[in-house]
Amino acid sequence: MKPPPTNDPLDPAVRHNTNSRDCTNWFEQLRPAVASFAWLTVITGCIFPLVLFGLGRLVFPDQAAGSLVMNAQAVVGSQLIGQSFSQPDYFLPRPSAAGAGYDGGSSGGTNLGPSNPKLFQDIRQFAGDYRQANGLALDASVPIDAVTRSGSGLDPHISPENAALQVPRVARMRGLSEDEVRSFVAEHIQGRQLGFLGQPRVSVLDLNLALDQAAPSHVR
């Protein structure tokens, strides 16, 4: 006769059945976790980014392509990234700490705190250079964006006040009247975003391109 079943945990048959049930339960708990991970990876890592990319290209084609600025069928820059201008017949951007200046691969600020002496040294140096470049008095006030770097080092804009102080220099170097150059500045002032965010600003690249079209630069 077969011995009656037992629940003795020391019985090898009972231990085998218990271990089998434990393995089965473990796999049953692991399987939905693995399946959820795989599905979430596909949805959030593949499908969702592709959908956003497609919608961006459809609804905001210029922004999705990098907000590129074209001139004579050639890409000359981006609306989102500033670039250096050093010639005196161009409007100059604000100082930059990105690499050697407006380096898109080294975006960043100086990380100098308000109590750091070097911050004050840099501001004094930038202020002196700005006054000299624009023929201002040694004690003339200058806009804050003319002597400070942006957090990204890639700010494509300057303030209207900054642009206004550069008008006489640019007009003189271009052979234009100051009123003509001021009209270019006024045309390129962008208002606050949504009417209340940020401050009015001027795109340096757009303004300089407009000047090149109206009165090509002869300074080399």
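Remember, it's a predicted structure, so these values are computed and weren't measured experimentally. Side chains included, hydrogens not; waters and symmetry mates left out as well; all remaining heavy atoms used. Position 1 is the first residue of the sequence; numbering continues from there.
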Exercise for review: Say whether, by atom type as modelled, one donor and one acceptor occur between the side chain of Arg201 and the main chain of Gly191 under 3.5 angstrom.
Suggested key: yes
Review point. Hey, is the main chain of Leu136 close enough, under 3.5 Å, to the side chain of Arg131 for a donor-acceptor pair?
Key: no
Practice item. Taking all non-hydrogen atoms of both residues into account, name the closest pair between Pro93 and Tyr102 and its distance. Key: CB-OH, 3.4 Å
Point to revise | Distance, nearest 0.5 Å, that separates CZ of Arg172 from CG of Asn134 | key: 8.5 Å
Practice item. Please check if Leu207 and Leu68 belong to a single hydrophobic cluster, counting links between Ile, Leu, Val, Met, Phe, Trp and Tyr side chain heavy atoms closer than 4.5 Å. Key: no
Donor-acceptor contacts under 3.5 Å from residues 36-62 side chains, at least two apart:
| from | atom 1 | to | atom 2 | distance (Å) |
| --- | --- | --- | --- | --- |
| Ser36 | OG | Pro32 | O | 2.7 |
| Thr41 | OG1 | Phe37 | O | 2.7 |
| Thr44 | OG1 | Leu40 | O | 2.5 |

Review point. So, Asp145 side chain and Ser159 main chain: donor-acceptor pair closer than 3.5 Å or not?
Key: yes
Review point. If only atom types and distance count, is the side chain of Ser152 paired as donor or acceptor with the main-chain N or O of Ser107 below 3.5 Å?
Key: no
Point to revise | Pairwise distance CG(Leu205) to CG(Leu209) - rounded to 0.5 angstrom | key: 4.5 Å
Review point. Can you tell me if Ser106 uses its side chain to pair, donor with acceptor, with the backbone of Gly99 under 3.5 Å?
Key: no
Practice item. Please check if Ile189 and Phe91 belong to a single hydrophobic cluster, counting links between Ile, Leu, Val, Met, Phe, Trp and Tyr side chain heavy atoms closer than 4.5 Å. Key: yes
Check your understanding: Is it the case that one hydrophobic cluster holds both Ile158 and Val167, taking links as side-chain heavy atoms less than 4.5 Å apart, direct or via other members?
Key -> yes
Review point. Between atom CD of Gln132 and atom CG of Leu138, what is the distance when rounded to the nearest 0.5 Å?
Key: 9.5 Å
Review point. Linking I/L/V/M/F/W/Y whenever their side-chain heavy atoms sit closer than 4.5 Å, directly or via other members, would Leu119 and Val142 fall into one cluster?
Key: yes
Review point. How far does CG of Leu80 sit from NE2 of His157, to the nearest 0.5 angstrom?
Key: 8.5 Å
Review point. Quick one: does Gln166's side chain have a donor or acceptor within less than 3.5 Å of a partner on Leu92's backbone?
Key: yes
Exercise for review: Show your reasoning for whether side chain to side chain donor-acceptor pair (under 3.5 Å) applies to Gln121 and Arg124.
Suggested key: CA-CA 5 Å; Gln121 294 173 8; Arg124 282 193 291 268; over 6 Å; no
Point to revise | pair Lys118-Asp122: side-chain heavy atoms closer than 4.5 Å | key: yes
Practice item. Spell out, as yes or no, whether a donor-acceptor pair under 3.5 Å connects the side chain of Arg169 to the backbone of Gly135. Key: no
Check your understanding: Does any N or O in the side chain of Arg192 come within less than 3.5 Å of the main-chain N or O of Gly198, such that one atom is a donor and the other an acceptor?
Key -> yes
Exercise for review: Nearest 0.5 Å please: distance from the CG atom of Leu154 over to the CG atom of Asp103.
Suggested key: 8.0 Å
**Study point:** Exercise: identify the closest heavy-atom pair between Phe126 and Val147
**Key:** CD1-O, 3.3 Å
Point to revise | Linked, directly or transitively: Leu165 and Met173 (ILVMFWY side chains, under 4.5 Å) | key: no
Practice item. Please report the closest heavy-atom contact between Pro160 and Pro200, naming both atoms and the distance. Key: CD-O, 3.3 Å
Practice item. For residues Leu211 and Tyr90, determine if any side-chain heavy atom of one lies less than 4.5 Å from a side-chain heavy atom of the other. Key: no
Practice item. May I have all residue pairs that pass side chain to side chain donor-acceptor pair (under 3.5 Å) and include part of residues 72-83, sequence neighbours excluded? Key: Gln79-Asp206
Exercise for review: With the side chain counted from C-beta on, respond yes when Met70 and Val75 share a heavy-atom pair under 4.5 Å apart, and no when they do not.
Suggested key: yes
Practice item. Search all heavy atoms of Asn208 against all heavy atoms of Arg174 and return the closest pair with its distance. Key: O-NH2, 4.5 Å
Exercise for review: First locate atom CG of Asp179, then atom CG of Leu176, and finally report the distance between them rounded to the nearest 0.5 Å.
Suggested key: 11.0 Å
**Study point:** Enclosure of Leu30 CG (heavy-atom neighbours >12, cutoff 6.0 Å)
**Key:** yes
Exercise for review: Please report the closest heavy-atom contact between Gly153 and Ser150, naming both atoms and the distance.
Suggested key: N-OG, 2.9 Å
Point to revise | Heavy-atom pair of closest approach, residues Ser96 and Ala98 | key: OG-N, 3.1 Å
